[in-house]
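Reviewing the structure listed below.
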Amino acid sequence: MKADRQCREIVTDPHVEPVTVFIVSWGRPIYLWACLDALYRQTRSAVRFVLLDNAHTDPLIDDVIAGFERRGMFSEVVRFKTNSVDNIAQAYCDRLTDLGPLHAYIESDCVIESVSGCWLSEMRRIMEKNTQIGMLGSLIEHSDFVSDKVALRLTDGDAGKADFLAKSKSPERKFMESTSSIDMSQDYLLTEPPFPIRSPPGRLMMLRTDVMKKIGFQVDMVLADMVKARSLHAAITPKIRHRHLSLLNIYDYPDYDEAQRVDFFPLQPIPLK
C-alpha cells in the first residue's frame, strides 16, 4: 500500500523487511511537526513509523499528529492517557516481539538533516556490516548551539536557566569544536575513551532488536553501558546528522521545565516488566 506522499514516494522492495521507527512525542508541537515532516520527506526505504504520544495539555499536538495521519505516514499511533516514561517503556517492549533484527528510535525534538540517499538505509547498512555495534547514533548539527553570551542575555542573566536551556555544558558542544583530529569520513566512531562523549545521544538511534529484548527501554547513557556490558559497541555515525531542536528552547519554549525533564528521563535503569 502506498501512502499519499506529496514530495516523494518510499522505494519499497518486497524482499527487504521494513525497519520499524519508534517516534516518542511529548509536547512542543512545532518541534514535533518539524521532526515528522523531515522523517516523512527524507525516508526513502522500507519503513514502519510507530508514534508513541504521551499525554500533553497542548491541543496543537493532536492537530499535528492528525495532519500526518491524513498523509498516511503512520503504521500505528499509540496515545497515552498519562505522561510517564513507563508508558513508553511498556509500549516499546510490547512491540519488540514482532520486529526484524534492527529498529530505530527518534525523539520528537530531533530533525534529520538532508543526506544523499536515505538516512534509514544508511544506518541499516552500517549496522548490518558491523555486527559488533549494538547501538548506533548520529552527529548533532553544531550550528544550533546558542552562545553563552546570547543565552545569558535571553535569560536576564540567570546562569542556571541559561545553562539548562542552551545546554552550555553539553559534551557534544565540546566534541564538535575539536573534531579536526578525527576522520569524519568513517562509517562510525566508537564512544569509548578517549572519545569525549560517553554514549550516542538517545534522540536518534538504530538498535539491535535481540539485544533490546534483554535490556528494555533505557535512557541513552544507561543503554550504552548495558550494550557495552554485553561486549558490543556503542557508536556514532558521522554519515548522518541531526538537529536537536531542544537547543532552541531558549527561543521557542523559554519556560520549558527542567524539573519535569529530569523527572521524565530517569538516570537509573528501567526494569523489564
Side-chain angles (χ1 to χ4, degrees), residues 1-12 18-80 83 88 91-92 103-124 136-146 167 172 200-207 237 239-254 256:
M1 182 179 70
K2 291 184 179 179
D4 175 20
R5 300 184 181 276
Q6 296 174 332
C7 302
R8 54 92 190 135
E9 291 186 356
I10 285 180
V11 177
T12 59
V19 174
T20 294
V21 177
F22 291 99
I23 309 164
V24 173
S25 164
W26 183 74
R28 295 178 296 177
I30 60 175
Y31 291 176
L32 174 61
W33 191 94
C35 171
L36 296 179
D37 183 66
L39 288 171
Y40 179 76
R41 290 170 178 268
Q42 296 189 48
T43 308
R44 298 178 176 86
S45 55
V47 64
R48 293 179 65 254
F49 289 116
V50 176
L51 179 68
L52 305 178
D53 178 47
N54 271 292
H56 197 274
T57 56
D58 192 326
L60 289 179
I61 294 294
D62 287 337
D63 293 340
V64 170
I65 294 172
F68 286 92
E69 285 182 308
R70 286 190 285 271
R71 290 169 172 84
M73 177 175 180
F74 304 116
S75 295
E76 183 182 11
V77 175
V78 183
R79 291 178 170 87
F80 303 119
N83 177 49
I88 299 171
Y92 170 79
H103 63 277
Y105 169 94
I106 186 170
E107 294 174 354
S108 60
D109 63 349
C110 182
V111 171
I112 294 172
E113 290 281 73
S114 297
V115 295
S116 60
C118 172
W119 70 275
L120 188 63
S121 60
E122 182 68 358
M123 294 186 86
R124 182 176 188 167
L136 183 68
S138 72
L139 283 182
I140 194 170
E141 171 50 51
H142 188 248
S143 64
D144 283 324
F145 279 109
V146 176
K167 299 185 184 294
E172 287 180 288
R203 66 190 77 101
L204 171 62
M205 302 179 288
M206 183 165 280
L207 302 159
T237 174
K239 303 286 188 182
I240 307 298
R241 297 227 176 187
H242 68 270
R243 296 184 64 193
H244 186 197
L245 297 185
S246 283
L247 297 177
L248 306 177
N249 278 335
I250 199 164
Y251 296 120
D252 304 317
Y253 295 102
Y256 189 62

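Small disclaimer: the values here were computed from a predicted structure and weren't measured.
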Discussion item. Would you compute the distance between atom CG of Leu36 and atom OG of Ser25 and round it to the nearest 0.5 angstrom?
Written reply: 7.5 Å
Item to complete: Report the residues that fulfil side-chain hydrogen bond (donor to acceptor under 3.5 Å, both in side chains) with Asp58, sequence neighbours left out, ordered by chain and then residue number.
Response: none
Worksheet item: So do the side chains of Lys167 and Asp144 get within less than 4.5 Å of each other, counting heavy atoms only?
Response: no
Response to the item:
To the nearest 0.5 Å, atom CG of Leu39 lies from atom SG of Cys110 at 8.0 Å
Discussion item. List the residues meeting side-chain hydrogen bond (donor to acceptor under 3.5 Å, both in side chains) with Asp62, not counting sequence neighbours, and say none if there are none.
Written reply: none
Practice prompt. Look only at the side chain of His242 and the backbone of Leu139, and say whether a donor-acceptor pair between them is shorter than 3.5 Å.
Written response: yes
Worksheet entry | Ile106 side, atom CD1; Arg203 side, atom CZ - distance, nearest 0.5 Å | 10.5 Å
Discussion item. Do His103 and Val21 make a side-chain contact, defined as non-hydrogen atoms from C-beta onward lying under 4.5 Å apart?
Written reply: no
Worksheet item: Can you tell me if Ser138 uses its side chain to pair, donor with acceptor, with the backbone of Thr237 under 3.5 Å?
Response: no
Item to complete: Evaluate the criterion ring pair (Phe, Tyr, Trp, His ring centres under 6.0 Å) for residue pair Tyr31 and Tyr253; output intermediate values, then yes/no.
Response: CA-CA 10 Å; Tyr31 291 176; Tyr253 295 102; 5.2 Å; yes
Discussion item. Just verifying a value: how many Å separate Glu113 CD and Ile140 CD1, rounded to the nearest 0.5 Å?
Written reply: 10.5 Å
Worksheet item: Ignoring hydrogens and geometry, is there a side-chain-to-backbone donor-acceptor pair from Gln42 to Ile112 under 3.5 Å?
Response: yes
Worksheet item: Going through the checks in order, is the side-chain contact (heavy atoms from CB on, under 4.5 Å) test met by Tyr105 and Val24?
Response: CA-CA 8 Å; Tyr105 169 94; Val24 173; 3.3 Å; yes
Fill in: Lys/Arg N to Asp/Glu carboxylate O, Arg79 vs Glu69, below 4.0 Å
yes
Fill in: SB check Arg28 Asp109 (cutoff 4.0 Å)
yes
Worksheet entry | Shortest non-hydrogen contact from Ser45 toward Cys118 | OG-SG, 3.3 Å
Item to complete: Specify the closest pair of heavy atoms between Ala55 and Asn83, including all atoms of both residues, with the distance to one decimal.
Response: O-CB, 3.6 Å
Worksheet item: Is it true that Arg241 and Glu122 have a side-chain N and a carboxylate O under 4.0 angstrom from each other?
Response: no
Worksheet entry | Non-hydrogen atoms of Val146 and Leu247 that approach each other most closely | CG2-O, 3.8 Å
Discussion item. Can you tell me how far apart CD (Glu107) and CG (Leu52) are? Round to the nearest 0.5 Å.
Written reply: 11.0 Å
Worksheet item: If we only count heavy atoms from C-beta on, is the Phe145 to His244 side-chain gap below 4.5 Å?
Response: no
Worksheet item: Out of curiosity, Leu245 CG to Leu32 CG, how far, rounded to the nearest 0.5 Å?
Response: 10.5 Å
Practice prompt. State, to 0.1 Å, how close Tyr92 and Leu207 come at their nearest heavy-atom pair, and which atoms those are.
Written response: OH-CD1, 3.8 Å
Worksheet item: For the residue pair His56 and Phe80, is the inter-centroid distance of their aromatic rings smaller than 6.0 Å?
Response: no
Worksheet item: Any side-chain heavy-atom pair from Val47 and Pro18 closer than 4.5 angstrom?
Response: no
Worksheet item: Can you say whether the rings of Tyr256 and Trp26 are parallel (under 30°), tilted (30 to 60°) or perpendicular (over 60°)?
Response: tilted
Worksheet item: Can you check whether Val50 reaches Phe74 side chain to side chain, under 4.5 Å on heavy atoms?
Response: no
Worksheet item: Quick one: is the NZ or CZ of Arg71 closer than 6.0 Å to the six-membered ring centre of Phe68, and within 45° of its axis?
Response: yes
Worksheet item: Does the Asp37 side chain pair with the main chain of Ala34, one donor and one acceptor, at a distance under 3.5 Å?
Response: no
Worksheet entry | Heavy-atom closest contact (Leu136 atom, Met123 atom, distance) | O-CE, 3.3 Å
